[in-house]
Each structure stands twice: as C-alpha cells, then as structure tokens.
Amino acid sequence: MTEQAIPEHYLDGYARTLAEVAATGRRLTREELAARRLLGEQAAHAGHGLRALITAHLAAARAAWPGAPGSADSALAAVQQAVDALAEGYERAQRLTVRREEAARREFIDDLLYGRSDLGRLAERAERFGLRLSRAHAVAVAEGPAAYAEDDPVTRQVERAVLARFDARSILLTTKNGRLLCIAPGDEDEVLVHFAKQAYAAADGCRVAVGRPRPGPGGVVQSYEEALASLEMAARLGLEGPVLRAADLLVYPVLARDRQALADLIEHALGPLTSARGGPVPLLDTLTAYFDCGCVAAEAARRLSLSVRALTYRLERIHRLTGTNPADPAHRYTLQTAVIGARLLDWPAKPL
C-alpha cells in the first residue's frame, strides 16, 4: 500500500524559503521553524505518516534546488532545519496522543475496578480496550516481592508472553496498587493459568490469585475483589502454592463472616492451651502441621523437626488440656476449624 499523498498546504512557502536561503545564506528564522513544527503536529493529528511528510519536503527541495554556485550548502542546511522541525512537531503530537491514550486507559481501569461510573457507559468504553462486558470475565492478580509498574521489565515480559500466545483483543493486562492484573473472558481459563505461570516465573516470591468468572459490567470488579481477598486470606493463613483460586477458598470467608461465633469456638476449643507451660503457640503449631499434612504423624514431625514420639506426646498433651483428641475423627473437625479460625484472627498474638 502507498502512503496517503501529503496535501499541498503542508508545503506552502517552503520553496520560496529555500530560494531566499540560497540567495542570502541565512538560517531559518524562529517563526519559520515554529511554522514547520506546527505543520508536523497538524500532519500527525491528520493521520499522515512522518515518512511521507519528509519525502514530500525532500521532493520539494529537489524541485526548487538552487543553481547558483555556493548556494547548495545553505540550502542543505535549511532543508535539515526544516525536516528536523517537522519531525520534532510530529513526535510531540505523537507523545501527546500517547499520553492522552494512557490517561484514558488508566481512567477506564480505575472506573472498572472500583465499580464507578455508569455501567452502560462503562460497557461502551470497554469496547475500545477489547472487553465485551456483556460476557463473563475473570481477573487474576499477581503480587510480587516488589511493586509492579506499567513500564517495569517484569511487567513487559509477562505481557509479551501472554499476548504472544492469546488474542490480545479480548485480554487486558495492567497494574493497580503495585499488583499485576490480567482480565480475560471467563470461559478462557487457560489465559489466566498462563498469566499465572509467567508471573511466577518472572519474579521469585510471586503469588497469583484468580477470582471466579462473573457476568456483566460489574463482574470484573467482583472477580477482582475476590482475587484480592484470596491474596489477603493466603497471607493470613500461610497458605502454600503460587496460584490460589477464590473458588477453592470459599470456606474461609464463611468462617470469618461471624467473628463472634468464631472467637467463641477458639476460646472453647483452644483456650485451655494457654495454661500449657511455654504457652499455646507450640501446641497450636503442632495442630497446624498435623492437620496440614493430612494427620500423618511422621510428616508432621518432619515439618516441625521433632521425633514422632515427641509429636505424639504433644498430641496427647493437647487431648488432656482440651478434652478433644486430634486423632479422633469425631473431634478432629472441631479442632481443625478452631485452628483455622485462630489463624484467621491471628490468635493468640491478638486477643479475641
């Protein structure tokens, strides 16, 4: 395809200026350079290519090339100044356009993730950025040891890896509050899985949470908030694994919803551990390790750097103090729920 021809008015006065420069040897005036910069900006806003603009000016310079001896150097200097001014104006217009686009994108993302703005208007704006909010969407949030920014090498690396494999028109990658986000259609879970793998590989210590797919214009913010809550829950509970799914953690918000009932359970089931010599923390850690490894005594002992005999002694001590036996399936559920509640409420570090 050939580039669009440059209209004649972008060359108005150019040949005359070159003739004057060739005759007098002067340089272009400040007003003449400003006029070329303005023309460069106007050409950029009008959608003309910089290459075509420069080619047109070089062609005009060639057509008006002076024939008098000794005038070529002045004419070349004037051409150089004119082209430089055109390019400067053109690039300035491009930078302004990019900044406006970035500002519009950031404003849209803020409105999208905070649930602000009219939902109908939000859906219209989303089309511009490749999101069809009539569909369900899910959000994955990556949190690393250092805050993410739009221009960070890690951010760009993850973005390139995801967009190189999947249709960029339906995916939005961005940063928010130092976290890296990927918004994708709810039925394209492989996008979020790939995003999680890339984010985890790009930064040591990264953890990714994936919200559930949610429909409609408000679905993105709901999925985003679920992912954030999952990251917070994982930090409080010390959950292992680089990728967390909100759908797998639904039991924890249920437990935390009634704080008073949870505090009563902890006080009843684990409160007697406070009378143990050395305090409740060693015995609470024992229960945590025991339940986390599926009640396998040998594995729990290994995690705690204890002998199996020492672990068994601790479990017996817990049984004597609380009246509930961690090894008895009838008692196990109550104790395990109380242990999870203690981690949610940061007991005993914080009073109930």
Next item on the list: Just do the side chain to side chain contact (heavy atoms under 4.5 Å, CB included) check on Q260 and D264 with the steps written out, would you?
Entry: CA-CA 6 Å; Q260 186 56 54; D264 289 343; 3.0 Å; yes
Next item on the list: Ignoring hydrogens and angles, state whether a donor on the side chain of T174 or E150 is under 3.5 Å from an acceptor on the partner side chain.
Entry: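 The criterion, which ignores hydrogens and geometry beyond distance, is satisfied for E150 and T174.
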Item checked: H45/Q42 under side chain to side chain contact (heavy atoms under 4.5 Å, CB included): CA gap, chis, key distance, verdict -> CA-CA 5 Å; H45 290 308; Q42 291 173 351; 5.9 Å; no
Given 3.5 Å as the limit, does a donor-acceptor pair link the side chain of [X] with the main chain of [Y], or not?
X: H331; Y: N325; answer: yes
X: T155; Y: Y148; answer: no
X: R207; Y: L231; answer: no
X: T29; Y: E32; answer: yes

Taking [X] first and then [Y], would you say they form a salt bridge - that is, a charged N and a carboxylate O separated by under 4.0 Å?
X: R214; Y: E226; result: yes
X: E299; Y: R303; result: yes
X: E143; Y: R179; result: yes

Margin query: Tell me which pairs pass side chain to side chain donor-acceptor pair (under 3.5 Å) where either residue lies in residues 182-205, with sequence neighbours left out.
Written below: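 Checked against side chain to side chain donor-acceptor pair (under 3.5 Å) - neighbours excluded - the pairs reaching residues 182-205 are R135-D187, R165-H194, D189-R245.
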Can you give me the closest heavy-atom contact between [X] and [Y], atom names plus distance?
X: S275; Y: P272; result: OG-O, 2.7 Å
X: I183; Y: V220; result: CD1-CG1, 4.0 Å
X: A184; Y: L192; result: CB-CD2, 3.9 Å
X: A199; Y: V158; result: CA-CG2, 3.9 Å
X: A300; Y: L311; result: CB-CD2, 3.9 Å
X: V154; Y: A202; result: CG1-CB, 3.8 Å

Under 4.5 Å between side-chain heavy atoms, counting indirect links through other Ile/Leu/Val/Met/Phe/Trp/Tyr residues: same cluster for [X] and [Y] or not?
X: Y333; Y: L273; answer: no
X: L38; Y: L33; answer: no
X: V193; Y: V141; answer: no
X: L86; Y: L58; answer: yes
X: Y313; Y: L283; answer: no

Notebook entry, point to check: Quick check: are there more than 12 heavy atoms from other residues, nucleotides or ligands sitting under 6.0 Å from CZ of R27?
Noted result: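 No - once you tally the heavy atoms of other residues, nucleotides and ligands closer than 6.0 Å, there are 12 at most.
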Between atom [atom1] of [X] and atom [atom2] of [Y], what is the distance when rounded to the nearest 0.5 Å?
X: R277; Y: R317; atom1: CZ; atom2: CZ; result: 6.5 Å
X: L28; Y: L18; atom1: CG; atom2: CG; result: 8.0 Å
X: S230; Y: L249; atom1: OG; atom2: CG; result: 5.0 Å
X: F195; Y: I171; atom1: CZ; atom2: CD1; result: 11.0 Å
X: M233; Y: L244; atom1: CE; atom2: CG; result: 11.0 Å
X: L53; Y: L39; atom1: CG; atom2: CG; result: 8.0 Å

Margin query: side chain to side chain contact (heavy atoms under 4.5 Å, CB included), that's the test. Do R343 and V339 meet it? Break it down for me.
Written below: CA-CA 6 Å; R343 292 157 76 178; V339 168; 4.3 Å; yes
Under 4.5 Å between any side-chain heavy atoms of [X] and [Y], yes or no?
X: V191; Y: C182; result: yes
X: D152; Y: L180; result: no
X: L344; Y: R236; result: yes

List, one per line, each side-chain donor-acceptor pair under 3.5 Å for residues 287-296, sequence neighbours excluded.
from	atom 1	to	atom 2	distance (Å)
T288	OG1	L284	O	3.0

Next item on the list: Quick one: do H57 and R36 satisfy side chain to side chain contact (heavy atoms under 4.5 Å, CB included)? Show the steps, please.
Entry: CA-CA 11 Å; H57 276 73; R36 290 296 128 189; 2.9 Å; yes
Next item on the list: Tell me, please, which residues at least two apart from T322 pass side chain to side chain donor-acceptor pair (under 3.5 Å).
Entry: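 Partners of T322 under the side chain to side chain donor-acceptor pair (under 3.5 Å) test: T324.
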Next item on the list: Could you tell me if the ring centre of H48 sits under 6.0 Å from that of Y10?
Entry: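 Yes; Y10 has its ring centre under 6.0 Å from that of H48.
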